[in-house]
Amino acid sequence: MKKPIIIIILILLIDQISKIYIKTNFLYGEEVLVFDWFRIHFIENNGMAWGAEFGGKTGKLFLTVFRLFAITGIGYWLYSSVKKNAPTILIITISLIFAGAMGNIIDSVFYGVIFDTPRNAVATLFADKPYGTLFHGKVVDMLYFPIWSGDLPGWVPFWGGKPFTFFNAIFNIADASISIAVGILIFFNKKAFPKETEENN
């Protein structure tokens, strides 16, 4: 378990340090241009993909609790894979998924009780008057890659003639960790699951 633990700790450290730095140094919505195609842009969301929300505080609580159950399952998957001497690539991808999920869970569980959200000022860590309650924290996002922006041709279905940005999602290190892991599993499926692949053949 040494290698998975090292991967998880490194991802969590990078993820949380970057989030805490952004939250305590950036105004909400503030943006820094790094390259034309890469910007640091501070936003927050309740933790669902693409910033979606449902059910208000109750929905947020349900989502956080669901994530806690999910991370338990992922942790068991990782532990059992190590015990079964699963391929290294599978163990690495599960570690990345676990670290990414845990990174956003930390935001959802704790950020509401350790940060404030002042107007026209940066947030304070371990604030006297935090903005939320336990399990109701918001996830910090900051990585923005607007690789291309412009008006799409009129012949394009649904979006033709309208302004369009690729890629317009704003995410964080934890999200990137999960996305990279999923990409590895898709492209290296046979190496990650050799027995299943042989049985299917």
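Here, residue 1 is the first one in the sequence, and each next residue gets the next number.
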State, with a plain yes or no, whether a side-chain heavy atom of Tyr21 is found less than 4.5 Å away from one of Phe26. yes
Residues sharing Val122's hydrophobic cluster, by side-chain heavy-atom contacts under 4.5 Å among ILVMFWY, directly or via others? Leu27
Just wondering, do Pro130 and Asp116 contact through their side chains at under 4.5 Å, heavy atoms? no
Does a side-chain heavy-atom distance below 4.5 Å link Ser18 with Asn172? no
Can you tell if the side chain of Thr72 reaches within under 4.5 Å of the side chain of Leu68, non-hydrogen atoms only? no
Among Ile106, Val140, Ile14, side chain to side chain contact (heavy atoms under 4.5 Å, CB included) partner for Lys19: Val140
Using 4.0 Å as the upper bound for N to carboxylate O, is an ion pair formed by Lys138 and Asp107? no
Going by the rule ring-ring contact (aromatic ring centres under 6.0 Å, His included), which residues pair with Trp37 if we only count those two or more places apart in sequence or in a different chain? Phe35
Is there a side-chain contact between Trp148 and Thr165 in this structure, where contact means two heavy atoms from C-beta onward sitting under 4.5 Å apart? no
Kindly state each residue pair satisfying ring-ring contact (aromatic ring centres under 6.0 Å, His included) with at least one member in residues 91-130, sequence neighbours excluded. Tyr111-Phe115
Where the side chain of Thr24 meets the backbone of Ile20, is there a donor-acceptor pair that is under 3.5 Å apart? yes
Do Lys3 and Ile91 touch side chain to side chain, with heavy atoms closer than 4.5 Å? no
Contact between Asp175 and Leu143 at the side-chain level, heavy atoms closer than 4.5 Å - yes or no? no
Side-chain donor or acceptor of Lys162 paired with backbone N/O of Leu152 under 3.5 Å: no
Any side-chain heavy atom of Arg39 sitting closer than 4.5 Å to one from Val32? no
Side-chain H-bond candidate by donor/acceptor type, Asn104 with Asp15, under 3.5 Å: no
